Visitor: 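Below is one structure. I have some questions about it.
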Amino acid sequence: EVFSYELRAPWSERALRESLGAAARRHPVLRTSFDLRSFSEPVQRVHARLPGDAGEGEPVPFAAFDLRGRDRPGQDAAVSGWIDAELKRGFVWEEPPLWRAAAHRRTDTTWEFTLCAHHAILDGWSAAALIGGLFLDYLGRTVGRAPAVRPSPPPFVRYVALERAARTDDGSRRFWADCLAESGQA
């Protein structure tokens with residue numbers, strides 16, 4: 001998955017790196033890898049930290065590019081080229097993180113933020129929520145305000161437990177069987 005946004009906002013590479021690191025510490029899915037071989041079923045592993053993170057460091061896979069010396073078509077080509085390369089690069093399931101980010105500075109006041117993530121960890125809805133929180137944090141840092149403390153999302157293990165319970169619940173099976181029958185997909 002690739003999510004890319006052109007922004008008119010103050011530029012601070014340091015603030016963006018800090019915000020990305022804070023997001024990785026706040027959202028367990030950003031510290032996820034998958035073990036597809038060691039157990040009887042695939043296991044999603046949530047790591048305490050990303051590789052290289054000592055708690056305050058910059059563990060995030062982030063690159064910044066200054067495109068201000070190029071014309072608009074040259075900038076667009078550079079951003080598209082980076083996205084194409086990222087799509088070809090892919091991810092290794094067993095190695096966190098399963099996402100990468102980049103910022104391409106276009107002018108003194110505009111820049112493009114791009115987030116690439118494996119679809120197993122982010123979809124459109126969750127990416128929108130993540131990026132919204134990321135930019136609130138970032139903007140606070142650029143004006144010298146402490147980032148807003150928001151409640152952490154519920155642990156993912158709760159969702160897994162609910163899903164497993166639903167898979168063995170007769171009422172849940174009947175509900176979905178009825179839905180499929182009504183849709184003609186059964």
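None of these values were measured; they are calculated from a predicted model. All residue numbers in this chain count up from 1 along the given sequence.
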Visitor: What pairs with Ser126 under side-chain hydrogen bond (donor to acceptor under 3.5 Å, both in side chains), at least two apart in sequence or on another chain?
Guide: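 In terms of side-chain hydrogen bond (donor to acceptor under 3.5 Å, both in side chains), with neighbours along the sequence ignored, Ser126 is linked to Asp123.
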
Visitor: For Val29, does its backbone N or O pair with a side-chain atom of His27 as donor and acceptor, under 3.5 Å?
Guide: no

Visitor: Working note: Asp76 + Arg72, criterion salt bridge (Lys or Arg N to Asp or Glu O under 4.0 Å); need CA distance, chi angles, decisive distance, verdict.
Guide: CA-CA 6 Å; Asp76 291 345; Arg72 182 63 188 218; 3.0 Å; yes

Visitor: With no hydrogens and no angle check, is any side-chain donor or acceptor of Arg173 less than 3.5 Å from a backbone partner on Arg167?
Guide: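 Answer holds: yes.
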
Visitor: Strictly distance-based, threshold 3.5 Å: is any side-chain N or O of Tyr5 a donor or acceptor partner for the main-chain N or O of Leu115?
Guide: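 No, Tyr5 side chain to Leu115 backbone: no donor-acceptor pair under 3.5 Å.
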
Visitor: Taking the hydrophobic residues Ile, Leu, Val, Met, Phe, Trp and Tyr, and joining any pair whose side-chain heavy atoms are under 4.5 Å apart, which ones share a cluster with Trp125?
Guide: none

Visitor: I want to check something: taking the side chain as every heavy atom from C-beta on, are Arg100 and Phe91 in contact at a cut-off of under 4.5 Å?
Guide: yes

Visitor: In a check of side chain to side chain donor-acceptor pair (under 3.5 Å) between Ser33 and each of His47, Glu94, Arg45, which one passes?
Guide: His47

Visitor: For a quick check under 3.5 Å, do Ser19 and Arg141 share a side-chain donor-acceptor pair by atom type?
Guide: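 Indeed, the side chains of Ser19 and Arg141 share at least one donor-acceptor pair under 3.5 Å.
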
Visitor: Ignoring hydrogens and angles, tell me if any N or O in the side chain of Trp111 forms a donor-acceptor pair with the backbone of Ala9 under 3.5 Å.
Guide: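 Answer holds: yes.
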
Visitor: With side chains defined as the heavy atoms from C-beta onward, is the minimum distance between Pro96 and Leu30 less than 4.5 Å?
Guide: no

Visitor: Taking atom CG of Leu50 and atom CZ of Arg25, what is their separation to the nearest 0.5 Å?
Guide: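 Spacing of CG (Leu50) from CZ (Arg25) equals 9.0 Å.
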
Visitor: Would you mind reporting whether Tyr138 and Ser12 have side-chain heavy atoms less than 4.5 Å apart?
Guide: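 Yes, side chains in contact.
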
Visitor: Could you tell me whether the side chain of Glu112 and the main chain of His104 form a donor-acceptor pair under 3.5 Å?
Guide: no

Visitor: What residues, two or more places apart in sequence or in another chain, satisfy side-chain hydrogen bond (donor to acceptor under 3.5 Å, both in side chains) together with Thr168?
Guide: none

Visitor: Is any side-chain heavy atom of Arg106 closer than 4.5 Å to a side-chain heavy atom of Val79?
Guide: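 The answer is yes; the side chains approach within 4.5 Å.
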
Visitor: To the nearest 0.5 Å, what is the distance between CH2 on Trp93 and CG on Leu98?
Guide: 7.5 Å

Visitor: State, yes or no, whether a side-chain contact exists between Val2 and Glu86 at a heavy-atom distance under 4.5 Å.
Guide: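 Answer no - side chains too far apart.
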
Visitor: Once you round to the nearest 0.5 Å, how far does CZ of Phe113 lie from CG of Leu16?
Guide: 6.0 Å

